[in-house]
Structures are given as C-alpha cells and as structure tokens.
2 protein chains.
Amino acid sequence: MGKEKEKKQELIKNPKGTRDWAGEDVDLLEDILAQISRVFRRHGGKKLDTPVFEREEVLKGKYGEDSKLIYDLKDQGGELLSLRYDLTVPFARWLAMNANIKNYKRFAISKVYRRDQPAIAKGRMREFYQCDIDFAGASDPMIADSEVIAIIVEVFESLEWSGRYTIKLNDRRILDGLFEVCGVPEEKIRMISSAVDKLDKSPWDEVKKEMVETKGLDEAVADKIQTYVTRKGGKDLLEELQKDEALMNNAKAKKGIDEMEILMDYLSAWGALDKISFDLSLARGLDYYTGIIYEVVTEGSAPVIANGSDVAQEVQKKGKKEKKVLDEDEDRSNDPSVGIGSVAAGGRYDHLVERFRSNADLPCVGVSFGVDRIFSITKARIAKGETFSYISSNAPDVYVMAFGGGGFDGMAKQRIEVTKVLLDAGLKVEFTYKKKPKPQVQFKNAEQAGSPFAVILGEDEQAKGEVRVKEMGLPEGHPEKEGVLVKITDLAAEVTRRVEMKKLTTNTGRIAVS
Amino acid sequence: MGKEKEKKQELIKNPKGTRDWAGEDVDLLEDILAQISRVFRRHGGKKLDTPVFEREEVLKGKYGEDSKLIYDLKDQGGELLSLRYDLTVPFARWLAMNANIKNYKRFAISKVYRRDQPAIAKGRMREFYQCDIDFAGASDPMIADSEVIAIIVEVFESLEWSGRYTIKLNDRRILDGLFEVCGVPEEKIRMISSAVDKLDKSPWDEVKKEMVETKGLDEAVADKIQTYVTRKGGKDLLEELQKDEALMNNAKAKKGIDEMEILMDYLSAWGALDKISFDLSLARGLDYYTGIIYEVVTEGSAPVIANGSDVAQEVQKKGKKEKKVLDEDEDRSNDPSVGIGSVAAGGRYDHLVERFRSNADLPCVGVSFGVDRIFSITKARIAKGETFSYISSNAPDVYVMAFGGGGFDGMAKQRIEVTKVLLDAGLKVEFTYKKKPKPQVQFKNAEQAGSPFAVILGEDEQAKGEVRVKEMGLPEGHPEKEGVLVKITDLAAEVTRRVEMKKLTTNTGRIAVS
C-alpha cells in the first residue's frame with residue numbers, strides 16, 4: 001500500500017471519543033429524548049437552546065480542576081471561544097443576561113464537550129448528550145425541589161424502568177453539619193466530603209485510609225464519621241437523626257434535617273417516597289451545591305458504546321455484527337467489577353447566577369439525565385428481548401412495486417402516482433429508483449427496508465383501475481399469500497386500515513417489526 | 001462605574017453571530033423542524049447525527065474560497081479539529097467510512113458554523129440550523145431527483161406556504177453545454193457560470209459588464225449568452241430548447257435537456273410541476289454539482305433575527321418589546337432593497353464521496369432547508385395575524401391553586417396531590433412554589449403562564465371531596481365565572497374534557513392562546 005493510499009484511509013474517521021448516531025441507535029435515542037422532553041413539558045419546562053460555544057470567560061473558573069477538559073477554539077481573530085462543558089453554566093449566563101427574569105423552568109437537550117481520555121466501555125465520550133431541567137427562582141423550602149424529584153420518577157417510569165432505579169438523596173447542609181459535629185476542621189470539610197463520595201465504589205477501610213493517611217484527618221474523627229456515612233434508609237433514618245442531639249444542636253445539620261422532613265412529606269404526595277434512599281454517604285463532586293443533592297443509580301449491564309464505525313456498520317449488517325457487540329455487553333453485565341455510573345444527578349445551587357451578576361438572587365434546583373447511559377442500558381435490554389411501548393417503528397408502512405411481462409415499461413410514473421396517493425394519506429412509502437426494476441429486486445428492497453406491506457401495480461390490473469395489496473412474509477398456503485385486489489380509488493383507505501390493524505396486532509417496538 | 005464592574009458586565013454575552021433560542025421562538029422553531037422531519041420520515045429518511053467537529057483534513061479543500069470561514073479548534077494535543085461547515089461533507093465522510101452502504105436516505109437537522117461577518121438583518125449568523133435530506137446510491141435518471149423535489153413541495157405545503165414559493169430549476173449540463181455553444185472558452189466556464197448566478201440580484205447589463213470587463217469575455221459571446229439565460233418557464237421553455245439545433249448538437253446540453261423532459265414527466269406524477277420554474281439563469285455557487293440544481297425562492301418579509309438579549313427579553317415582556325421587533329420586520333418587508341435569499345437549495349452531486357474513498361461510486365442528490373429564514377418569515381406572518389395549524393401551545397393546561405381564610409395552611413401537600421393526579425392524566429400542570437401563596441399571586445402566575453384553566457382547592461370543598469374548576473378570563477356575569485364544583489374522583493376526566501373542548505373551539509396556534 002502506497003503512502004498516498006494510507007493517507008486517504010486515515011482521513012475517513014470520526015474524531016476520537018465521538019460517535020455518529022445512525023440507524024436504529026439514533027431512532028432509539030430520539031424515542032428516549034422524546035419521552036423525557038414530554039415529561040419536562042408537562043411540568044411547565046420551556047426549552048432553551050444556547051450556542052455550542054461560549055466566550056472563554058464564561059466557562060473560566062467554573063469547573064475547578066476539570067477546567068483542563070474544556071475545548072478551546074483557535075484564536076482566529078475576534079472573541080476567544082470554548083465549547084460548552086455542560087448545560088448549567090450557559091443557563092446561568094442566559095439568566096444573568098436577562099435581569100427581568102425572576103423565575104424560569106428551563107429544559108435543554110444538547111451535546112456537551114469534554115477533552116477527557118475517552119473510555120468507551122465506561123460510556124465516557126468527548127461529545128455526549130445531556131438532558132437537563134432546572135427551576136430558577138424563589139421557592140418555599142423543598143416545594144420546587146420535590147417537583148424535580150417527581151420529574152426524575154416520572155422520567156424513569158415513562159421510560160419503563162419501574163423497579164430498576166433508586167434515587168440516592170442527601171443534603172449538603174446535613175453533610176457539612178455532620179462533619180462539624182464529628183470534628184472535621186473547617187478547611188478540610190470539602191476534601192473529606194470528596195473522600196466520602198467514593199463510598200459507592202470503595203469500601204470504608206479504603207476511604208478511611210485516604211482520610212487519615214492522605215488527608216491527615218484524626219483517626220478518631222474518621223471513626224465517628226463512619227457511624228454516620230454508612231447509614232441509609234428512609235423516614236426511619238430521618239427519625240434516628242432527629243433524635244441525635246449532637247447533630248440537632250448543629251445549626252446547619254438541623255436546617256437540613258428539618259427540610260428533609262418537609263421534603264419527604266411532599267414526596268409522599270408526589271407518590272415518590274418509595275423511590276428514594278436517604279443516603280448519608282452521597283456527597284457529589286461539584287462545589288456549587290447548597291442544599292439537597294441526588295443521584296440516580298440503577299442495576300443492569302455496563303454501558304457499551306460502539307465506536308462510530310461499528311455503529312454505522314450495524315445499520316447495514318445487522319445480525320452477526322450486532323449480536324457480537326451485544327454479547328460483549330451481556331458479558332460485562334455479569335462482571336461485578338464493571339460499575340455503571342449514575343444515570344441522572346443534580347441538586348440545589350442557590351448562588352451560581354450571582355457568579356455572573358451580583359445580587360442576581362436566583363436560587364436554582366435541577367437535574368441532568370445521562371442520556372447516553374440510559375440509551376446503552378435500554379439497548380441492552382432490547383437485545384435481551386424486552387419491548388418498550390414508546391419505541392416507534394421507522395420502517396416504511398408500504399413499498400410500491402410494479403410487475404409485468406415482455407415489453408413492460410416498469411410503470412415508473414404510475415408507481416410515483418400511487419406513492420403520492422399513499423404519502424398524502426400520511427403513510428411512510430418507498431419504491432425502487434429503477435425505471436424497470438425486476439420483481440426480485442423490488443421484493444428484496446422492501447424486505448430490507450422492513451416494509452410490512454407491498455402495493456403491486458400491473459398493466460392488466462391498471463386497465464381495470466385496480467392494484468394488488470400484499471402483506472409481506474405471509475406463510476405458504478395463507479389465503480392472502482398472493483395479495484388482494486383493491487380499487488385504486490379505495491387504495492389509501494385500505495392500506496391505512498391494514499397498516500393500523502397490523503400495528504395493533506404486532507408486538508410493539510421497532511426491533512420486533514424489522 | 002469601576003473597572004471591575006465593567007468587566008463583569010462584559011462577561012455576560014453570547015458570542016457574536018449566535019443567538020439563544022428561547023420562549024416562543026424556540027417552540028415555533030421546534031414545530032417547524034417537526035413538520036420537516038415528518039415529511040423526511042414519510043419518504044424513508046433515516047436520521048444521521050454526526051459530531052459537531054470533524055478532523056481538520058475532512059473539511060480541508062471542500063469549500064474553495066469559503067474555507068477561510070471554517071472554525072478551527074485550538075491545538076490542545078491530539079487530533080486537529082474544525083467545526084462542521086455544513087451537513088453534506090460529514091455525510092460524505094460517514095458514507096466513505098461505511099463501504100458496505102450502497103444506498104441510503106439520510107436526513108440531518110443540526111447547527112453549522114461559519115466564521116463570517118454576521119449580518120443579522122440578512123439572516124447571516126455564525127451558528128445556524130440546517131435541515132438536509134440526501135439520497136445516496138444509484139437511481140435511473142431523475143427518479144430520485146424527482147422525489148427530492150416532491151419533498152421540497154411537501155415541506156412547504158406542510159408548513160402552509162402554499163402559493164408563496166417557487167422552485168427554480170436548472171441543470172449544470174444544460175448550462176455548461178449552453179456556454180460551450182455560445183463560445184465560452186473551456187477555462188472560463190466556471191467563472192462565467194458564477195457571473196450568471198448573480199442575475200437574481202443584478203440586472204443583465206451589470207452581469208454582462210462583469211463578464212466582458214472583469215472576466216475578459218468576448219462581447220458577442222456575452223450577447224449570445226443573454227439570449228439564453230434571461231429565459232424561464234416550464235414545459236414551453238423545454239420545447240423551445242428541444243427545437244434549438246445548436247444546443248441539441250452539444251452532447252452535454254442534449255443530455256441535460258433529455259433528462260429535464262423525463263424529470264418534468266415525473267414531476268407531473270408527483271403533482272409538483274406547477275411549483276417549478278425552469279430558469280436558465282440559475283447556476284448555484286458550489287462546484288460539486290453534476291446535474292440538476294434548484295433553489296427555492298419566496299416573497300415575504302426580510303428575515304430579522306433578534307440578538308440573544310432581545311429574544312430572551314421577549315419571553316418575559318411580550319407585547320411592547322415584541323411589537324417593536326416585529327414592526328421593524330414589517331418595515332423591512334416593504335423595502336424592496338432588502339432581498340431575502342433562498343429558503344432551500346440543492347442538487348445532484350455524483351462524485352463527492354469519491355473525494356474520501358476512490359471508486360466509492362455513490363451518486364447523491366439532496367436538498368438543504370434554511371430553517372432560520374423559514375422561521376423568520378413564519379414569525380413575521382404570525383405577527384400579521386396569520387395562524388398555522390401545526391403550531392402547538394406550550395402553555396400549561398391547568399394551574400392548581402388553593403384559597404382559604406385565617407389560619408389557612410396553604411394546602412401545599414394537597415396541591416401537589418392534585419397536580420400529580422392531573423399530570424398522570426397527561427395534562428400540563430403548574431402551581432406556585434409558595435407554602436401559603438395569596439390568591440392574587442396564584443392568579444397572576446396562572447395568567448402569566450397562559451393557563452386556560454384553574455383548579456382551586458379550599459378546606460370546605462376538600463372536606464366534601466370536591467374542588468373547583470374554573471376557566472380563566474370568563475367575562476363578568478358568565479354563569480361559570482366562579483367555576484364549578486367537581487368531585488375529586490372525577491377531576492382528571494373533567495379537566496381533560498374541558499381542555500380538549502377548549503382546544504377545539506379556540507383559534508389554533510400558541511400565539512392566539514397565550
């Protein structure tokens with residue numbers, strides 16, 4: 001292979017850590033996003049769609065150590081720009097620009113960018129989707145907060161994840177108060193909090209080691225912390241804490257605990273109380289949280305995101321290729337060492353907008369859904385044979401063909417006319433772009449497209465104002481195996497009726513149909 | 001104002017040439033995009049969603065002089081990347097990566113990036129939406145091409161632009177043949193073609209001047225070109241050309257004219273023939289077209305895209321502010337000097353994929369819709385009082401309130417319970433995030449949100465298992481002015497019934513409702 005050829009090969013790649021969404025994957029992704037945005041809209045969410053890049057200063061100093069992961073644009077003259085890192089900071093920038101806005105329920109569905117080392121198996125990409133809803137503006141304690149948690153529940157119920165997820169819940173004020181009560185020095189609170197956050201992946205002994213050896217915490221203090229942060233539950237845990245005098249004497253902890261009681265009361269009204277786990281080990285990484293925090297965890301397979309090339313190939317060679325990818329998926333799901341991260345997370349952050357406009361006074365609470373992970377887990381469940389009622393088929397409803405003997409001209413114009421009639425009835429229609437296509441070619445194309453019906457034109461039938469409607473794949477001996485003749489004037493109604501009937505009687509889901 | 005303060009003010013801007021899509025604008029945009037993608041899907045379109053950036057080499061050498069408008073990312077180590085300039089090159093890159101794909105109907109809806117001097121009034125932004133469908137793979141002459149034109153017609157009909165648009169149509173082969181026949185030297189054909197392309201903005205004399213004086217064309221040749229390129233029509237023009245012996249003796253022109261006849265025949269089958277204007281002055285800028293080319297023009301107001309700040313303000317202070325923006329819009333629409341560009345354009349390009357993979361043999365034909373312009377014109381029509389059946393209301397269906405006398409606790413928990421019942425029925429529901437909100441505050445919030453109904457809880461009604469359902473804004477003296485009492489068990493059904501009834505009897509369109 002010459003140098004020249006090699007170069008050409010190298011060109012045709014998508015960038016590292018990105019993927020092309022195509023075929024059944026992009027359809028499933030769209031169905032998931034549609035479910036989520038329907039929930040957001042029901043709760044009064046209004047969409048905000050900001051530019052993919054922001055002025056460099058807008059992002060600067062917002063992400064701590066992770067700022068190194070921000071993609072900058074080249075200085076080509078004019079403003080210095082960076083790709084957005086999340087959807088929260090652009091929302092805060094937009095709120096700051098619009099001082100007249102006193103409250104807003106905004107949702108956003110967009111890709112975000114992190115110049116991280118990609119880890120496909122862990123679902124860590126450089127370009128990935130986020131799907132956020134945030135309520136900005138005043139709320140009496142825990143009312144807006146409880147609605148965000150109700151939205152999390154509705155999203156996962158509408159995605160048919162019932163019984164498969166838990167919302168881990170804590171409050172920064174309880175956590176900070178608890179550290180004070182245990183005797184953590186003020187300046188070590190944030191780093192001890194980070195250590196505690198690792199308890200979902202590491203055993204206590206390791207976390208303690210980090211606290212004592214790396215972070216220089218007194219061992220007795222660490223042991224005291226253990227008595228708290230290894231506890232989780234529901235109302236029972238709340239009642240225990242309310243009896244804990246030391247904790248209730250700490251102003252921060254008391255405030256957090258009092259409001260947790262209010263929150264649980266509201267959550268019972270939302271029907272969401274049984275979905276949460278009050279978990280004192282939940283700390284969350286980001287600095288800006290000021291109250292309630294939460295993270296949604298699920299059991300299931302590890303997310304596997306194929307690279308762009310694989311995904312695209314799946315579109316054309318389903319079957320073997322796809323099977324392979326999904327088998328790997330299954331293998332990993334049985335491997336307890338592969339932890340899947342959270343599928344949604346968020347909390348209250350009351351002072352972020354003030355970073356852009358002093359005295360903005362726009363307290364916020366919100367949640368971000370990790371759509372790529374939700375997609376991967378849903379895809380793995382489909383591969384195991386599960387069906388989902390919200391997944392729509394994108395195969396054509398009907399394929400238009402024409403057959404004829406010697407001297408037959410292919411009836412291209414008539415195929416177009418019939419296609420147009422069926423399209424106007426709202427059906428999805430395809431036909432073969434050949435002037436005189438062979439019957440086998442047309443049938444093969446119809447099958448590959450996954451069309452459940454064919455409309456077949458012929459010169460004899462045409463003369464009588466009729467066409468043949470045939471259901472694809474009927475067994476030999478079926479009375480309608482060869483199709484039925486339909487008056488051209490009745491065609492749209494007849495095909496619509498059959499397509500709807502078929503949808504009612506077939507298993508739901510694109511995968512089942514195709 | 002101190003230096004510090006000034007700096008903070010400067011921070012809160014969106015980047016030049018971009019906008020934040022918010023409020024009614026983003027809802028209208030989404031409704032337009034939904035209509036377009038519905039048409040794409042009916043015709044078998046499959047979505048492709050590629051990364052926002054590509055490897056630098058993928059874009060290099062694809063856009064001629066306009067390559068200088070490409071945004072590059074900073075070299076932070078690893079691959080050199082650039083933001084996509086259009087959706088066509090990423091599609092070709094994807095096709096080249098997937099050698100097994102022999103044909104594909106792909107659509108894409110995404111933002112693209114051009115580091116151009118922004119011109120808001122002309123709708124020229126640095127970040128803007130494109131909405132493309134392209135058919136890759138073999139087609140007998142003009143079959144796939146005719147379906148793309150049928151899609152253009154369906155899109156504009158579904159957007160309710162009937163009678164307001166014309167599809168200008170030409171063929172690169174006719175144009176090139178015609179230049180040869182007129183005696184344009186081979187090496188001047190592309191530059192003379194570019195000059196002809198300006199005939200939609202400039203009179204013939206100016207274009208001639210450019211040809212003769214700037215491009216050194218013989219004046220007699222220019223005069224001969226004039227006899228062709230000032231002609232437009234339909235089948236009549238085609239028949240004239242078919243009688244033109246000089247033209248029909250040129251192989252390229254003959255091929256183009258023969259296929260134009262086939263195309264018109266198919267277009268009559270699609271019911272699209274009366275929407276086109278065969279226009280010999282249409283040349284199109286891009287080099288890569290190899291056959292049919294088209295551009296959709298419309299009459300109407302010039303596109304006005306407000307800057308991010310204005311748009312956001314509209315959300316909160318509708319009325320005066322919006323009125324102002326739209327009046328300006330109207331002014332411009334009466335100014336004939338403000339030309340609006342095309343709202344869609346495309347053509348056949350048979351050799352682009354080969355730029356990435358030799359011998360790829362993937363002929364393509366497609367169209368790109370200029371969604372920002374379509375949005376601006378639609379918005380201006382709405383401001384003039386037009387309604388569109390596809391525009392959906394995003395206001396809440398119902399607002400949940402509670403009223404009570406002294407010692408009243410605000411019934412926050414009960415409001416949540418009722419909200420949940422209504423949400424579960426699929427309704428859009430909001431309530432006030434106050435523990436004890438005043439009646440006036442709740443009514444004001446409901447009105448601002450544009451809710452047509454209120455559900456009002458009270459302690460007395462609660463005791464009897466009842467709530468009050470009230471239609472907002474009924475006139476004094478209306479028998480239901482104070483609302484009607486409904487059993488809590490019947491509430492979801494009763495509100496659903498009223499909301500649906502209201503939708504049937506109200507003018508369509510979000511604007512009319514809010």
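Labels below follow one simple rule: chain letters A, B, ... track the order of the sequence lines, proteins then strands, and each chain is numbered from 1.
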Under 4.5 Å from any heavy atom of chain A - which part of [X]:
X        : answer
B:Leu59  : neither
B:Ala138 : backbone
B:Phe128 : neither
B:Leu83  : side chain
B:Lys111 : side chain

Quick check: closest heavy atoms across [X] and [Y], and the distance to 0.1 Å?
X        : Y        : answer
B:Leu48  : A:Ala22  : CD1-CB, 3.8 Å
A:Arg42  : B:Leu427 : CD-O, 3.5 Å
B:Tyr104 : A:Gly23  : OH-N, 3.8 Å
B:Ala269 : A:Ile416 : CB-CG2, 3.6 Å

Using heavy-atom distances under 4.5 Å, tell me whether [X] contacts chain B through its side chain, its backbone, both, or neither.
X        : value
A:Pro51  : both
A:Tyr399 : neither
A:Glu157 : neither
A:Lys60  : neither
A:Ser146 : side chain

Is a donor on one side and an acceptor on the other found under 3.5 Å between the side chain of [X] and the backbone of [Y]?
X        : Y        : result
B:Glu127 : A:Val52  : yes
A:Arg115 : B:Gln76  : yes
A:Asp140 : B:Lys434 : no

Please determine if [X] and [Y] form a salt bridge, counting it only when a charged side-chain N lies under 4.0 Å from a carboxylate O.
X        : Y        : result
B:Glu147 : A:Lys420 : no
B:Glu79  : A:Lys13  : no
B:Asp265 : A:Lys413 : yes
A:Asp75  : B:Lys74  : no
A:Arg106 : B:Asp20  : no

### Test item: A:Thr18 and B:Phe53 side chains (from C-beta on) under 4.5 Å apart, heavy atoms
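Yes, at least one pair of side-chain atoms sits under 4.5 Å.
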### Task
Evaluate the side-chain proximity of B:Asp49 to A:Glu30: yes if any heavy-atom separation is below 4.5 Å, no if none is.
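A side-chain contact under 4.5 Å is absent here.
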Using a cut-off of under 4.5 Å for heavy-atom pairs, which of [options] has the most such pairs with chain B?
options                              : value
A:Leu73, A:Thr432, A:Leu422          : A:Leu73
A:Thr50, A:Asp424, A:Thr419, A:Asp72 : A:Asp72
A:Arg415, A:Lys105, A:Glu56, A:Arg38 : A:Lys105

Pick from [options]: which one has the most heavy-atom pairs with chain A under 4.5 Å?
options                                : result
B:Arg41, B:Glu417, B:Lys435            : B:Arg41
B:Gly44, B:Pro437, B:Gly271            : B:Gly44
B:Lys436, B:Lys47, B:Glu54             : B:Lys47
B:Val26, B:Leu423, B:Leu81             : B:Leu423
B:Val429, B:Val418, B:Asp397, B:Val421 : B:Val429
B:Pro396, B:Ala150, B:Ala144, B:Ser451 : B:Ala144

### Message
Run the ring pair (Phe, Tyr, Trp, His ring centres under 6.0 Å) test against A:Tyr433 and tell me which residues pass, sequence neighbours left out.
### Response
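A:Tyr433 satisfies ring pair (Phe, Tyr, Trp, His ring centres under 6.0 Å) with A:Phe431, B:Phe135 once adjacent residues are dropped.
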### Task
Give the C-alpha distance, both sets of side-chain angles, the deciding distance and a yes or no for side chain to side chain contact (heavy atoms under 4.5 Å, CB included) between A:His43 and B:Lys428.
CA-CA 6 Å; A:His43 286 265; B:Lys428 292 182 193 162; over 6 Å; no
